[in-house]
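Report on one structure; see the data block that follows.
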Number of protein chains: 2
Amino acid sequence: MSQYVEILKESGLKATFQRMTILAAIEGMGHASVDEIYEKVLESHPTLSLATVYKNIVAMVERAVLVEVPISGKKSKYELRKKEHLHLICTECGSVSDRPLDPTINEDTRKVAEDSSFELRDRQVNLYGLCGECRSAKAS
Amino acid sequence: MSQYVEILKESGLKATFQRMTILAAIEGMGHASVDEIYEKVLESHPTLSLATVYKNIVAMVERAVLVEVPISGKKSKYELRKKEHLHLICTECGSVSDRPLDPTINEDTRKVAEDSSFELRDRQVNLYGLCGECRSAKAS
DNA sequence: CTGGGTGCAAAGTATTTGCATGAAC
DNA sequence: GTTCATGCAAATACTTTGCACCCAG
């Protein structure tokens, strides 16, 4: 929990109990939508309001404590900022999981951007399909 | 315009004037949000309702006539289904443009998916940054 | 203390739905 | 003619905002 205090202060945000609860919820789930975060957070802090969740997600995305992961056909999820990775997104159950991003992708995309005089700031690589569990479930 | 008739029929949708107007609007803009589509469509068909735009986007995404491009921090845009490509997304002006996707990315991601028993159905590679125009505008 | 943060309730947007009418096939 | 689509208005869902009170620094 205390690791969050640093992250927040470095980002110019006060380390409130609410924010730490939100960060813990997201870290616990890996990736979560506003609703999922809200539900989770209520378990340990039943008076935390939905408005506070929204305000803090906005504030923390602004300061790059959190990263938005927009998902085709679903609501965006949020994750803690971490080193570059790609997402495996299950279109069946909605689960998202991280995998390392091959460095050649960075090089390729860097070139593409350069050739287009595009100033590259960030990459999102998302793979959609069926996760192992949902595949097994379908097969049976 | 008549190309759309085929696309729609093959997808099991009636070829209404509204749908063709919507498809023409999207193709004209390349990528567009619901609002942008609605505005564009009103120019040539002022009685077309927003509800119809919504219903048709849902129907056409379901049948893969359209593809949703969810964008971090903004509303999703929609594009016609076309061969694989990546997106350069300008965080300043919101423009989206397509670039070819290096085949090595396909190979890399195929492997990642395979190693995770993930049944890969689709890829989205999005690069965020500043487009050439916005860079120039900032420099001046 | 003081400024930013929280919680509530209300407002503002965005999206979906039901249903009567109308158009495609 | 049937079936599916449209347009309207109403309902719902989602997100933001204003403001009085509160807490971290």
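The model shown is predicted, which means the values in this text are computed figures rather than measured ones. Chain letters run A, B, ... following the sequence lines, proteins first and then strands; every chain starts at 1.
- If you take CD1 of A:I57 and C1' of D:dT15, they are 11 Å apart, rounded to a whole angstrom.
- Side-chain N/O atoms of B:Q18 include none lying less than 4.0 angstrom from OP1 or OP2 on C:dA24.
- Of the candidates B:K74, B:K75, B:K77, B:K77 is the only one forming a salt bridge (charged side-chain N to carboxylate O under 4.0 Å, His left out) with B:E36.
- Between B:T47 and the phosphate of D:dT6, there is no side-chain N or O to OP1/OP2 separation shorter than 4.0 Å.
- Computed from coordinates, the B:I37 CD1 to C:dA14 P distance equals 14 Å when rounded to whole Å.
- Positionally, the nearest nucleotide of DNA chain C for A:R19 lies more toward the 5' end than for the other of A:A51 and A:R19.
- Here C:dG12 presents its P atom at 18 Å from CG of B:D35, a figure rounded to the nearest Å.
- The CD1 atom of B:I22 sits 13 Å away from the C1' atom of D:dG7 (whole-angstrom rounding).
- Using a 4.0 Å cut-off between a side-chain N of Lys or Arg and a carboxylate O of Asp or Glu, A:E10 and A:R63 do not qualify as a salt bridge.
- Contact check, B:K9 against C:dC25: a side-chain N or O comes under 4.0 Å of OP1 or OP2.
- Counting non-hydrogen atoms under 4.0 angstrom, B:A15 reaches the backbone sugars and phosphates but no base.
- In this structure, B:N56 does not reach the D:dA5 phosphate: none of its side-chain N or O atoms is under 4.0 Å from OP1 or OP2.
- Atom CG in B:L8 sits roughly 13 Å away from atom P in C:dA24 (whole-Å rounding).
- The side chain of A:K14 has C:dG5 as its nearest neighbour among C:dG5, C:dA24, D:dT16.
- Atom CG of B:L23 and atom P of D:dA5 are 14 Å apart (whole Å).
- Taking only side-chain nitrogens and oxygens, A:Y54 never comes nearer than 4.0 Å to OP1 or OP2 of D:dT16.
- In this structure, A:R63 places its CZ atom 10 Å from P of C:dG4, rounding to the nearest Å.
- Residues B:L80 and B:I26 come closest through the heavy atom pair N-CG2, 4.1 Å.
- Place A:K55 and A:V34 on DNA chain D by their nearest nucleotides, and A:V34 ends up nearer the 5' end.
- As a whole-Å value, the separation of B:L50 CG from C:dT15 C1' is 8 Å.
- Applying the 4.0 Å criterion to OP1 and OP2 of C:dT6, one finds that A:T52 has every side-chain N and O outside that range.
- With contacts defined as side-chain heavy-atom distances shorter than 4.5 Å, the pair A:M20/A:V5 qualifies.
- Comparing atom distances between the A:T16 side chain and each of C:dA24, D:dG7, C:dT6 picks out C:dT6 as nearest.
- Separation of the A:H31 and A:Y78 ring centroids does not fall under the 6.0 Å cut-off.
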